[in-house]
Amino acid sequence: MAAIGSAVGLGNIWRFPYVCYQNGGGAFLIPYLVALFTVGIPLLIVEFSIGQRFDSAAPRSFSLVNRRWEWAGWWAVAAAFIIAVYYSVIMAWCLCYLSHSLGLSWGADAPAFFLQFLGKTSSPFALGGLNLQIVFALLFVWTAIYLILYKGVKSIEWAIALTVPLPTLLLLVLAVRGITLPGALEGLEFYLTPNFAKLSSPSVWLAAYAQIFFSLSLAQGIMIVYASYLRKKDDITNNAIITALADGGIAFLAGFAVFSVLGYLSHTTGVPVEEAAGSGIGLAFITYPTAISHLPVAAALFGAIFFLVLLTFGLNSAFSMVESVSGGVVEKWGLSKPRITFVICLLGFLLSVPLATGAGSYWVDIADHFISNFGLVFVGLMECVVFGYVLGTEHIRRQVNRTSDLWLGRWWDWLIKIVAPVILVFIAAASFVELLAEGYEGLPTGALMAGGGMVVLSLVAAIWLMKRRAP
Ligand code: TRP
């Protein structure tokens, strides 16, 4: 349940529908499922079995295979931390929008409202003002994460028991409301009509793999540290498949909730769905709010439910990151866990504050693009190398097969040793070529270099952490 909580988050509700829509609609389900079965589930099995085997967070797991690989574990941890920093900013926007939705404050012009809300500047290097509302929301988000974690397992169990079923139920309510609106079918048609021509573009495949990594919280030490709580007799393949399918299922459901409402919007305003949809971050903060305000009854309520769903699903993803980092630190330096948890949350908060400026949304986008397309893919590759070759897939397979219903055959070794790494190298290379050729979102080169710098910096930080010897 905790693993599902970590996996399901803004990635399913805010990211999946627009990535799907941008990359061929229904046809995107093909690369998505291929990514799920060639890398998502196999790597999830690796992470679960590694956590169960070594009873440790990522850094020590890597170093137990061989001490010289410890940095790869810290790299995973660093990636989780960076994601949490910008992720908390989107959660803060959700919190602000939760209150805005009560009065439908975006009025008739949600796009303008969003820009004004962000105080968005014209370039990532023009900071603009600090939006105090977002800063307070960030403080709230990080405090909530800290309060859930500092008491340890008991309060985490509570938080998970609340933040997984509740938003799932609410999402179902949103989907039912959406589907029963006039025009919903056009929206769904738009979401699901396959555009197979798109499948020939590598960027579509890239998007599918990046989405899988991001959404399954892979390559960040998160699933490893969570699996360290598994008992030796627990079934790994079942857990991995359940986690992956729950994650995919909720993403798919979120698409219904979002696109049915878009269909309704186009039905009432006469604007075609493709124009109504907008893209990227805007889908959750512009289009959905616009659509909601056209609802005949209880518009504010449905707006509030939507942002509450985002917020609660986001929360358990965010605190899973803290567990990954604190697990690594506590195991290496034997410090007190509540204290480390406090330091991580404080640091996370302080680093996210600059993202509450007018340039913040640019950097959220840049960090997301670079860390998911390069950072996570590199760490995933390291996992295939270290656990697949150095430790050896046969050992993992034997361990998994001892307790699991679903038997892994030899083919699984090939998946981890050859198929997944080849795909990951290809993704990284193709992303890089695409970046050189097309840039990203028209952003200035300096900003892109800073994005690449984040990936490099996280690696340097990882090596630095490895070199700090325990006292
Ligand atoms: N799995 C989360 C989602 O789908 C995203 C995520 C991955 C995340 N790693 C994280 C969120 C670390 C916060 C911190 O939304």
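Just so you know, ligand 1 is whichever comes first in the structure, and atom 1 is the first atom listed for that ligand.
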Considering distance alone, does some N or O of [X] sit under 3.5 Å from an N or O of ligand 1?
X	answer
Ala84	no
Asp247	no
Ala318	no
Leu216	no
Ala7	yes

By number and element, which atoms of ligand 1 are closer than 4.0 Å to a non-hydrogen atom of [X]?
X	answer
Leu10	15 (O)
Met321	12 (C), 14 (C)
Ser6	1 (N), 2 (C)
Gly11	3 (C), 4 (O), 15 (O)
Asn12	4 (O)

Quiz item: Is it true that a side-chain atom of Tyr32 and a backbone atom of Cys20 form a donor plus acceptor pair closer than 3.5 Å?
Solution: no
Quiz item: Under a 4.0 Å N-O cut-off, is there an ion pair linking Lys337 with Glu323?
Solution: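 Salt bridge between Lys337 and Glu323, a charged N being under 4.0 Å from a carboxylate O: yes.
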Practice problem: Scan Leu174, Val258, Leu171, Ile13 and name whichever one has a side chain to side chain contact (heavy atoms under 4.5 Å, CB included) with Leu253. | Solution: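 Result: among Leu174, Val258, Leu171, Ile13, Leu171 is the only option passing the side chain to side chain contact (heavy atoms under 4.5 Å, CB included) with Leu253.
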Quiz item: Does Phe114 have Lys120 sitting over its ring (NZ/CZ under 6.0 Å from centre, angle to axis within 45°)?
Solution: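 No, Lys120 does not lie over the aromatic ring of Phe114.
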Quiz item: Closest heavy-atom contact between Glu47 and Gln220?
Solution: OE2-N, 4.4 Å
Quiz prompt | Residue of the set Phe190, Tyr191, Phe28 for which ring-ring contact (aromatic ring centres under 6.0 Å, His included) holds with Tyr21 | solution = Phe190
Quiz item: For Phe306, which of Tyr97, Tyr288, Phe285 qualifies under ring-ring contact (aromatic ring centres under 6.0 Å, His included)?
Solution: Tyr288
Exercise. Using the six-membered ring wherever Trp is involved, compare the ring planes of Phe374 and Phe378 and label them parallel, tilted or perpendicular (cut-offs 30° and 60°).
Key: tilted
For [atom], the protein heavy atom that lies nearest, with its residue and separation:
atom	result
atom 13 (C) of ligand 1	Tyr87 CD2, 3.5 Å
atom 9 (N) of ligand 1	Gln220 OE1, 2.5 Å
atom 8 (C) of ligand 1	Ile83 CG2, 3.7 Å

Quiz item: ligand 1 versus Phe214, non-hydrogen atoms closer than 4.0 Å: side chain, backbone, both, neither?
Solution: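 Both backbone and side chain.
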Practice problem: Report yes if some heavy atom in the side chain of Phe62 is under 4.5 Å from a heavy atom in the side chain of Phe387; otherwise report no. | Solution: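 They are in side-chain contact.
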